[in-house]
Number of protein chains: 2
Amino acid sequence: MNELFGVLKPLGLLEAVAGAQHPATLAELSASMNVPKPTMHRWLGSLENAGLVQRTPDGRRYELASRASKLAFSILSNKPAGAIRHEILLRVVQEVGESCNLTVLEGTQVTYLDRVESKWPLRITFQQGSKVPAYCSASGKLFLALLPPAKRDLILRDLKLERQTENTITEKSELIRELKQIRQDGYALDREEFLAGLICLAVPIFQKKGRLRSCVAALAIQAPVTRLSHPEILTKLPVLQDAAEALAATLND
Amino acid sequence: MNELFGVLKPLGLLEAVAGAQHPATLAELSASMNVPKPTMHRWLGSLENAGLVQRTPDGRRYELASRASKLAFSILSNKPAGAIRHEILLRVVQEVGESCNLTVLEGTQVTYLDRVESKWPLRITFQQGSKVPAYCSASGKLFLALLPPAKRDLILRDLKLERQTENTITEKSELIRELKQIRQDGYALDREEFLAGLICLAVPIFQKKGRLRSCVAALAIQAPVTRLSHPEILTKLPVLQDAAEALAATLND
DNA sequence: GCATAAATTCCGAAAAATGGAATGTATTTT
DNA sequence: AAAATACATTCCATTTTTCGGAATTTATGC
C-alpha cells in the first residue's frame, strides 16, 4: 500500500490504530510507523482532540473512539464502493431467490449495512441500519466464531443469552460448542433462533491484514423455513461464497 | 461536531465526501467547507493520490474510493474497546435501574469517561467529560483511598475541602478515616456529600501491572436517595463488582 | 461560437510541522 | 528504599509545507 504523504500522514496513523490488534502505546506506534516520538505525540494529540482516537483508561494506550465508527459507517453507506457491493447482493438475490444482507459486528450486535429483499410476497423486512443480537443470528455467530480468541472471550464474558424462540441458544457452553463447529464449517446457520420460521445462512468476508486475515463483514441469506429448510439451504452455499469473495475483492484489490 | 484542525483538515474533507448525497464537485466542496478552491484542489489531489477518493468517470466530481472502504471495515472490525465498555455500562443500568458512570482521576478531580443515564424521569444529568471534586464523590474518595500512600499524601496535603452540602466531609482527619474505611470495604459511598439528595456507590477497576494492581478507573451508580437509600444501595454491589471485572478485562487484552 | 463558470497552475508570503535535546514521570531492577 | 531504566511530554530554532489571490486554462451552456 502506498504511503500517505504530506497532510495525510496522520491519516496513516488512524489506519495504524485501526489495524492494531491491541491498543498501542505511543512508543509502539512511533516505532511501527517510523516517526519520531514528539511528532507521534502531536499526531495522536490531534486525533484524540478530534474524537477519532481515545486513550485507554490507564492513559497509556490509544484506541479508536466513537467518531471513527461514525466515519466508518458514513463511508460504507456511501457510493460508489457501496453501489458495487449492492450490485453483488442483487445478483445473489436473483440467483438464490431469497433476501440477502451484508452485516458488520458492532459490539454484541449485528448491524445491517445493506440489504436486498427477495421478490416473494412472504418475506422478512429488516431495514438497513437495524440491529440484531449476535448470539442468535447466523452472521453474529459467524463473527463471534472468527474473532481473535481474546476479543471473543471479552464479549462472551458479558453476554446475556436471552431466549428469543424455542431454538435460541441460551447456554454459554452450547454457544461455545456451536462457535467451534462454525469455525470448522466456515459458515453459520440460524435455525429459527431469532425468529420462529426464519432460517439464515451466513458466510464470512475476509480482509487481508499483512499475512493475517480477519472477518470484517458477513454475507447472509434469510428465508422462511417453509421455502428453504435446513439441508436444502446449504445448496446455496457456493453462490454465497462466490459473492463473498467478490465482496472481499472490493477490499483487497 | 467539532471541526478538525491543523493536520486533520483534509480528514474533514473525507468526512464531507463520505457524507455527501451525490458525488460533489470541487466548487461544491469548496463552498460547503468554506475553503478556497486552490486549497480544496490540493486536498482532493492528496486524497485522490492516496486512493481514498476518486473522480467520477466524467472527471468533474469526487466520490470515495476503495481505500476508504478498507479503512472503514478496519475501523468497524476493530471495535473500539471503549464501545465494549459502553455496553457493559448499559447492562449495569438495565440491571440496577439507575444512572451509571465510568470515571478516572485527574489530579484532584474525577472525570467522567463514559456515562449511561437511567430511564427515570427524575435523574441527575451529568455529561461525559464533566468533572467533580474527588473528596466529595464516591469514585473520587475511592481513588484517593487506593492511591499509593506517597501520592495520596501529596494530594491530601494541599486539598481544600469546600463544603458542598450538609454532609460534605470538611475535616481532613475525617476524610482520612473515611479513606481507611473505604480501603477495608473495597467500595465507596457518597452520602449526599456533593449534591443534596444524591447518593452514589463506586467500585474500583483494577489493572494488573506485573504483580501489582492499581486502580485506574472506577464504576459508580448514582441515584436519588428517595429511590435508593443507604443500606439499600449496597444490594447493587454484586452487579457493580461483576461489571467492574468485565471492565478490567477490557484493559488487559 | 461566444459568454460564462469552473478547474487548474503559479508563486511569494505566511504559517505550521518537524525532531533533537531536555525535562518530567512512571516502572522496574538492584 | 534507591537507583536505573524506559517512556511520555515539552521546548524551540529550523525547515518545510501550506496558503490563497491572481492569472491561466479548460469545460459548459446558451
Side-chain angles (χ1 to χ4, degrees), chain A residues 3-14 16-17 20 22-50 53-63, chain B residues 3-14 16-17 20 22-50 53-63 104-108 143 146-155 206-217 251-252:
Chain A
E3 286 310 310
L4 293 163
F5 291 106
V7 229
L8 294 177
K9 274 183 285 181
L11 208 148
L13 173 56
L14 187 65
V17 174
H22 304 291
T25 65
L26 186 150
E28 287 165 357
L29 291 167
S30 186
S32 82
M33 294 193 68
N34 203 34
V35 159
K37 281 199 288 184
T39 301
M40 181 55 75
H41 186 250
R42 235 173 322 105
W43 288 359
L44 284 169
S46 304
L47 290 179
E48 185 181 12
N49 211 289
V53 145
Q54 66 191 15
R55 289 168 190 244
T56 53
D58 67 356
R60 322 185 97 288
R61 289 165 180 280
Y62 293 85
E63 61 190 8
Chain B
E3 287 309 310
L4 293 164
F5 290 107
V7 230
L8 294 176
K9 275 183 285 181
L11 208 150
L13 173 56
L14 187 65
V17 174
H22 307 290
T25 65
L26 186 151
E28 286 165 356
L29 291 167
S30 186
S32 82
M33 293 194 68
N34 202 34
V35 160
K37 282 199 289 183
T39 300
M40 182 56 74
H41 185 249
R42 236 176 320 106
W43 287 358
L44 284 169
S46 304
L47 289 179
E48 185 180 13
N49 208 288
V53 143
Q54 67 193 19
R55 288 168 190 243
T56 51
D58 65 3
R60 324 191 90 285
R61 289 162 180 281
Y62 293 86
E63 59 188 8
V104 291
L105 182 66
E106 255 184 291
T108 65
F143 284 124
L146 298 174
L147 233 38
K151 204 164 277 178
R152 173 167 61 240
D153 296 344
L154 213 65
I155 293 179
F206 290 108
Q207 178 169 227
K208 287 194 276 285
K209 291 184 179 182
R211 75 176 55 75
L212 293 167
R213 62 176 199 174
S214 68
C215 173
V216 294
L251 302 178
N252 297 313

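All heavy atoms count here, side chains included; hydrogens, waters and symmetry mates do not. Labels below follow one simple rule: chain letters A, B, ... track the order of the sequence lines, proteins then strands, and each chain is numbered from 1.
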Spacing of W43(B) atom CH2 relative to dT8(C) atom P, expressed in whole Å = 16 Å
message = Without decimals, in angstroms, what is the distance between E48(A) CD and dT9(D) C1'?
response = 13 Å
ask   = Whole Å only: how far is the CG atom of L13(A) from the P atom of dA17(C)?
value = 14 Å
remark   = Which of L14(A), V35(A), L26(A) passes side chain to side chain contact (heavy atoms under 4.5 Å, CB included) with W43(A)? Answer is V35(A)
message = Checking Q54(B) now: which residues fulfil side chain to side chain contact (heavy atoms under 4.5 Å, CB included) with it, not counting sequence neighbours?
response = P80(A), E63(B), A65(B)
inquiry  = Both Y62(A) and R42(A) contact DNA chain D. Taking the nearest nucleotide for each, which residue is further toward the 5' end?
reply    = Y62(A)
Test item: L13(A) and M40(A) side chains (from C-beta on) under 4.5 Å apart, heavy atoms = yes
Separation of dT26(D) C1' from H41(B) NE2 (nearest whole Å) = 12 Å
request  = Give the rounded distance in Å between these two atoms: CG of N49(A) and P of dT9(D).
outcome  = 14 Å
What N/O pairs connect the protein and nucleotides 22-27 of chain C at under 3.5 Å? Give each pair on its own line.
unit_1	atom_1	unit_2	atom_2	d
dT27(C)	OP1	K209(B)	NZ	2.4

ask   = In Å, rounded to the nearest 0.5 Å, how long is the span from OG1 of T39(B) to CG of L44(B)?
value = 11.0 Å
task = Would you classify R61(B) as touching base, sugar-phosphate or nothing, given that sugar-phosphate means primed atoms plus P, OP1 and OP2, and contacts are heavy atoms under 4.0 Å?
result = nothing
task = May I have the distance from M40(A) (atom CE) to dA6(D) (atom C1'), rounded to whole angstrom?
result = 18 Å
remark   = Between CG of N34(A) and C1' of dT18(C) the distance, given in whole Å, is 14 Å
query = From R61(A) CZ over to L29(A) CG, what is the distance, rounded to the nearest 0.5 angstrom?
reply = 9.5 Å
request  = Would you mind reading off the bend of the helix from dG1(C)-dC30(D) to dT30(C)-dA1(D) from its two end axes, five pairs each, to 10 degrees?
outcome  = 50°
query = Expressed in angstrom and rounded to an integer, what is the separation of L29(A) atom CG from dC7(D) atom C1'?
reply = 13 Å
ask   = Nearest to the side chain of L26(A) - dT18(C), dC19(D), dT9(D)?
value = dT9(D)
message = For a quick test of reading the model, state the closest non-hydrogen atom pair linking M33(A) to A16(A) and the distance between them.
response = SD-CB, 4.0 Å
request  = Report yes if the side chains of Y62(B) and P23(B) come closer than 4.5 Å at any heavy-atom pair, otherwise no.
outcome  = no
task = Could you tell me whether N34(A) atom CG has more than 12 heavy atoms of other residues or ligands within 6.0 Å of it?
result = no
T56(A) side, atom OG1; H22(A) side, atom NE2 - distance, nearest 0.5 Å = 13.0 Å
request  = Scan P38(B) against the nucleic acid and name what it touches under 4.0 Å (heavy atoms): base, sugar-phosphate only, or nothing.
outcome  = base
